[in-house]
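These notes are about the structure you will find just below.
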Amino acid sequence: MRKLVIASLFTIGFSTQINAEECGKVTIADMNWNSATLIANVDSFILQHGYGCDTELVPGDTMPTGTSMIEKGEPDIAPEMWSNSLKSALDRGVKEGRLKFAGPTFSDGGEEGFWVPEYMVEQIPELVTIAGIKKNAKLFTHPEDPEKAAFYGCPAGWNCQISAGNLFKALDLAQSGFDLIDPGSGAGLSGSIAKAYERKQPWFGYYWAPTAVLGKYKMVKVDFGSGVDAKYFSSCITDPECVDPKVTMYPPSAVDTIITTSFAARSTDAVKYLSARSFTNNEMNGLLAWMEENQADGEAIMVEFLTNHEAIWTQWVSTDVAKKVKTALQDL
C-alpha cells in the first residue's frame with residue numbers, strides 16, 4: 001500500500017510538472033514604444049506566474065519582428081502589431097501556417113492620421129482640411145530652413161514611415177512647400193508636439209492613437225477630402241514600391257496580437273489568455289498618461305496596472321490564474 005501511495009504521489013507530481021512546463025520558453029517582442037512595452041511586460045508577468053511559461057522579453061519593432069516571426073519562427077509573441085502596416089506579409093505567414101492572429105490588442109482599433117493642434121483650428125478653421133493646410137503652408141515654420149514648411153513624418157524604421165511617406169507624396173505636399181522631416185524617434189516626434197503645444201506654435205504631422213500624447217494634447221485630424229479606401233491603402237499605400245500613390249484617409253488600424261503556430265501548439269490556455277487580453281483606447285490612454293507623468297518603464301507600469309486595475313485584467317483569466325498572479329505581485 002505504501003508503494004502504491006508513493007507511486008501515486010509521484011505520478012501526480014510528475015503530471016503537475018508536465019502541465020506547468022507545457023508552455024515552455026516563450027519570447028515576447030518588447031516593441032520600442034510605450035503601449036507595446038506596457039503590454040509586453042503585462043503578458044510576460046501573467047504568462048510566467050499564471051501559466052508557468054518561462055518568458056523572455058526581446059527587443060522588437062514592427063517590420064523586423066514580423067519578418068523574423070515569419071522567417072525564423074521567433075519571437076513567439078508580438079503583443080501589439082499594427083497589422084495594416086504589414087498586412088500582406090502577415091497574411092502570407094498565416095497562409096503558410098507560420099503565424100496566427102490571437103486577437104485584437106485594442107478593441108477599438110488604432111487610429112492614424114495627419115494632425116494639427118486644436119488651437120490652430122480655432123483660429124483658422126480651414127486648417128481642418130488638407131486644402132486649408134496647403135493654403136497656409138507658410139505658417140508651419142521649418143526648424144532649419146525658413147524657405148520650407150515642416151511636416152513631421154513617422155520615424156525611420158517604423159512601418160508607418162512607408163504610409164506617411166506615400167501619402168505625403170500623394171497629397172503633393174512637397175509642391176506646396178513642405179519638407180518631410182524624420183523626427184529620429186518616437187520620443188522625437190512626441191517631443192515636437194509637446195514643444196509646439198506648450199509654446200502655442202504651429203505643428204503639422206503624422207501621429208496615432210491610443211497614445212498619451214493625443215490624450216494630453218488636443219489635436220485635430222486633418223480631412224484629406226478623399227474618404228477611406230481600405231483596400232487601396234493596404235495594397236499600395238503600405239507598400240514601399242507603391243507607384244504614383246493616390247490619396248486616401250487612413251482606415252481604422254487593426255492592432256493585433258500575433259503568435260507563432262509553434263507557440264500556439266504548446267499552450268492552448270496561454271493562447272486563450274492572449275485572445276481575451278484587449279484594451280480600449282480610453283484604458284490605454286490613461287495608462288500611458290500615468291506612465292509618462294511618472295516616467296515609468298515597462299516593469300513599473302506593469303505593476304501599476306496589475307495592482308490597481310484588477311477589474312480589467314481579471315476578466316482575461318480564470319480565477320485560479322488571477323490568484324497566482326496576485327500572489328506573485330505580493331512577492332515583488
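Everything numeric in this text was worked out from a predicted model, so none of it was measured. FYI, the numbering just counts along the sequence from 1.
Both L329 and F305 belong to a common hydrophobic cluster when Ile, Leu, Val, Met, Phe, Trp and Tyr are linked at side-chain heavy-atom distances under 4.5 angstrom.
A donor-acceptor contact closer than 3.5 angstrom links the side chains of S253 and E112. Using a 3.5 Å distance cut-off with no hydrogens or angles, the side chains of T280 and D108 do not pair a donor with an acceptor. E292 and N34 share no side-chain donor-acceptor pair at under 3.5 Å.
A 6.0 Å sphere centred on NZ of K200 holds more than 12 heavy atoms belonging to other residues, nucleotides or ligands. Remark: K221 NZ is packed, more than 12 non-hydrogen atoms of other residues, nucleotides or ligands lying under 6.0 Å away.
A salt bridge links K324 and D320; the closest N-O separation between the charged side-chain nitrogens and carboxylate oxygens is under 4.0 Å. Using a 4.0 Å cut-off between charged nitrogen and carboxylate oxygen, E96 and R98 count as a salt-bridge pair. Ion pair K246/D244 flagged as a salt bridge, since at least one NZ, NE, NH1 or NH2 atom sits closer than 4.0 Å to an Asp/Glu carboxylate oxygen. Electrostatic pairing of R266 and D76 counts as a salt bridge here, judged by a charged N lying under 4.0 Å from a carboxylate O.
Between the side chain of N285 and the backbone N or O of T211, at least one donor-acceptor pair lies under 3.5 Å. Using modelled atom types, one side-chain atom of D229 and one backbone atom of Y232 make a donor-acceptor pair closer than 3.5 Å. In this structure a side-chain-to-backbone donor-acceptor pair under 3.5 Å is missing from S163 to T238. The backbone N or O of E304 sits nowhere less than 3.5 Å from a side-chain atom of T307 that would complete a donor-acceptor pair. Panel note: side chain T62, backbone N159; no donor-acceptor pair is recorded below 3.5 Å.
Within the 4.5 Å cutoff, the side chain of E80 has no heavy atoms near those of the L38 side chain.
Between W203 and W115, the ring center distance fails the sub-6.0 Å criterion. Aromatic ring centres of F168 and F114 lie farther apart than the 6.0 Å criterion allows. Residues Y152 and F204 keep their aromatic ring centres 6.0 Å or farther apart.
Closest approach of F45 to A328, counting heavy atoms only: CZ-CB, 3.7 Å.
A perpendicular orientation is assigned to the rings of W82 and F106, their planes being inclined by more than 60° (bins at 30° and 60°). Between Y197 and Y119, the ring planes lie perpendicular to each other; the angle is over 60°, past the 30° to 60° tilted range.
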Take D54 and Q48 through the test side-chain hydrogen bond (donor to acceptor under 3.5 Å, both in side chains) and record every step on the way to the result.
CA-CA 6 Å; D54 178 13; Q48 179 182 350; over 6 Å; no
After noting the C-alpha distance and the side-chain angles of S83 and D256, does the key distance pass the side-chain hydrogen bond (donor to acceptor under 3.5 Å, both in side chains) rule?
CA-CA 6 Å; S83 309; D256 299 292; 2.6 Å; yes
